[in-house]
Amino acid sequence: MDPYSAYDSFAWYYRRGWGDDYHRNARPVFETHVFPRLPKHAKVLDLCCGSGDFSAQLVECGYCVTGVEGSSRMLDYARQKAPGATFLHRDARCFDLPPEFDAAFSTFDSLNHILELPELSSAFANVFRALKQGGLFVFDLNMEENFQSYWHGAWANVQDAEVGITRGSYDSNAQLARADITVFGLEPDGSWSRADTAVFERCYAEEDILSSLSAAGFSDVTAHQAWELGMKDLAIGRTFFFATK
């Protein structure tokens with residue numbers, strides 16, 4: 001079984017808005033604080049690229065993009081959304097690419113989905129090996145404030161041909177968040193299909209992230225709250241990390 005095959009069942013729903021909404025809000029962060037640091041036509045790695053929302057933006061900016069994603073269904077949509085990019089079906093915890101990238105990004109708290117610190121540290125080491133000397137690694141994570149504020153209760157999105165219901169919970173003792181996602185889609189024959197998925201995220205301490213990045217070999221490791229970088233919506237309890245090979 002693919003390591004992230006559970007995400008396949010709601011990929012069609014995710015690609016219709018979740019990723020796009022986040023990346024629209026995060027784009028000013030990258031335009032102001034990240035893209036000016038990259039060479040023209042930089043070769044960039046989009047780690048845990050999902051349905052390709054950010055990959056498409058990167059292609060529009062003129063970058064040479066390689067997306068890595070653990071869900072094969074997410075990759076199907078990514079290839080449709082960003083046909084100018086290259087996509088690889090890989091697990092962030094164990095991929096191996098040559099040191100040819102000017103930058104690597106992982107957005108929309110994707111790395112929170114890696115649930116153990118040693119495995120997250122492995123992902124950091126994989127990124128380090130894939131970067132050129134001087135390459136930039138930027139990613140964001142949900143932190144404690146986000147999980148405490150938003151991962152409780154239920155919310156729904158109802159459209160004419162699709163319905164999504166999410167029930168969130170957060171165990172502060174275990175530092176583990178859970179989202180139970182139920183999606184319904186209207187089929188061409190008029191029937192409705194249903195899929196249920198449980199998605200988990202780990203809350204990591206900032207000091208553990210910084211230490212793990214340094215242990216992987218990165219330098220100039222810094223952390224910045226999203227709102228400090230100019231992100232408005234979806235910014236509370238979100239931290240961006242910057243690191244250089």
Report yes or no: does [X] contribute a side-chain atom to a donor-acceptor pair with the main-chain N or O of [Y] at less than 3.5 Å?
X	Y	value
His89	Leu75	no
Asn126	Arg93	yes
Ser110	Ser106	no
Asp180	Ala198	no
Ser121	Leu117	yes
Ser191	Glu187	no

message: side-chain contact (heavy atoms from CB on, under 4.5 Å), that's the test. Do Val158 and Ile165 meet it? Break it down for me.
response: CA-CA 8 Å; Val158 181; Ile165 304 168; over 6 Å; no

Check whether any side-chain heavy atom of [X] sits under 4.5 Å from a side-chain heavy atom of [Y], and report yes or no.
X	Y	result
Ile181	Val183	yes
Thr197	Val199	yes
Cys49	Val68	no

Atom pair [atom1] ([X]) and [atom2] ([Y]), whose distance is rounded to the nearest 0.5 Å:
X	Y	atom1	atom2	result
Leu229	His33	CG	NE2	4.5 Å
Asp102	Leu38	CG	CG	7.0 Å
Leu111	Leu47	CG	CG	6.0 Å
Met231	Gln225	CE	CD	13.0 Å
Glu145	Tyr150	CD	OH	7.5 Å
Ser55	Leu45	OG	CG	9.0 Å

- prompt: Within 45 degrees of the axis of the six-membered ring of Tyr13 and under 6.0 Å from its centre: does Arg15 put its NZ or CZ there?
  reply: no

message: Out of the candidates Asp208, Val127, Leu120, Val221, only one should pair with Leu213 under the side chain to side chain contact (heavy atoms under 4.5 Å, CB included) rule; please name it.
response: Val221

message: Under the side chain to side chain contact (heavy atoms under 4.5 Å, CB included) test against Tyr77, which residue among Arg79, Arg73, Lys81 passes?
response: Arg73

Salt-bridge criterion met for Glu60 and Arg27 (N-O under 4.0 Å): yes

query: Do the charged groups of Lys43 and Glu100 touch, with an N to O distance under 4.0 Å?
result: yes

Which atoms form the tightest heavy-atom contact between [X] and [Y], and what is the distance?
X	Y	result
Asp171	Asn173	OD1-N, 3.0 Å
Arg202	Tyr204	CG-CZ, 3.3 Å
Gly185	Trp12	CA-CH2, 3.7 Å
Phe35	Cys61	CE1-SG, 3.8 Å
Thr166	Ala179	CG2-CB, 4.1 Å
Leu58	Val65	CB-CG2, 3.5 Å

Under a 3.5 Å cutoff, is there a donor and acceptor pairing between the side chains of [X] and [Y]?
X	Y	result
Thr66	Thr86	no
Arg167	Thr182	yes
Ser51	Asp53	yes
Glu144	Tyr170	yes
Ser169	His152	no

Side-chain atoms of residues 233-245: list all donor-acceptor pairs with protein atoms under 3.5 Å, sequence neighbours left out, distances to 0.1 Å.
unit_1: Arg238; atom_1: NE; unit_2: Leu234; atom_2: O; d: 2.8
unit_1: Arg238; atom_1: NH1; unit_2: Asp109; atom_2: OD1; d: 2.8
unit_1: Arg238; atom_1: NH1; unit_2: Asp140; atom_2: OD2; d: 2.7
unit_1: Arg238; atom_1: NH2; unit_2: Asp109; atom_2: OD1; d: 3.3
unit_1: Lys245; atom_1: NZ; unit_2: Phe128; atom_2: O; d: 3.0
unit_1: Lys245; atom_1: NZ; unit_2: Leu131; atom_2: O; d: 2.7

message: Is there a side-chain contact (heavy atoms from CB on, under 4.5 Å) between Gln57 and His23? Walk through the geometry before answering.
response: CA-CA 9 Å; Gln57 288 188 9; His23 288 102; 3.6 Å; yes

- prompt: What do the steps show when you test Ile209 against Ser212 for side-chain contact (heavy atoms from CB on, under 4.5 Å), and what is the final call?
  reply: CA-CA 5 Å; Ile209 300 301; Ser212 294; 5.9 Å; no

message: I'd like to know whether Arg37 forms a side-chain contact (heavy atoms from CB on, under 4.5 Å) with Leu136, so could you lay out the CA-CA distance, the side-chain angles of the two residues, the decisive distance to 0.1 Å, and finally the verdict.
response: CA-CA 9 Å; Arg37 299 173 61 176; Leu136 179 65; 3.5 Å; yes

- prompt: side-chain hydrogen bond (donor to acceptor under 3.5 Å, both in side chains) with Glu201: which of His113, Gln175, Arg178?
  reply: His113

- prompt: Where does the angle between the aromatic ring planes of Tyr14 and Phe10 fall among parallel (under 30°), tilted (30 to 60°) and perpendicular (over 60°)?
  reply: perpendicular

message: Are Leu88 and Tyr7 connected into the same hydrophobic cluster when the rule is that any two of I, L, V, M, F, W, Y join if their side-chain heavy atoms are below 4.5 Å apart?
response: yes

message: Here's a test for you: under ring pair (Phe, Tyr, Trp, His ring centres under 6.0 Å), which of Phe139, Tyr63, Phe30, Phe137 qualifies with Phe105?
response: Phe30

task: Given side-chain hydrogen bond (donor to acceptor under 3.5 Å, both in side chains), test Gln148 with Asn146 step by step and report yes or no.
output: CA-CA 5 Å; Gln148 293 281 13; Asn146 183 286; over 6 Å; no

message: Looking at Asp160, I want to see if its CG is surrounded by more than 12 non-hydrogen atoms of other residues, nucleotides or ligands under 6.0 Å.
response: no

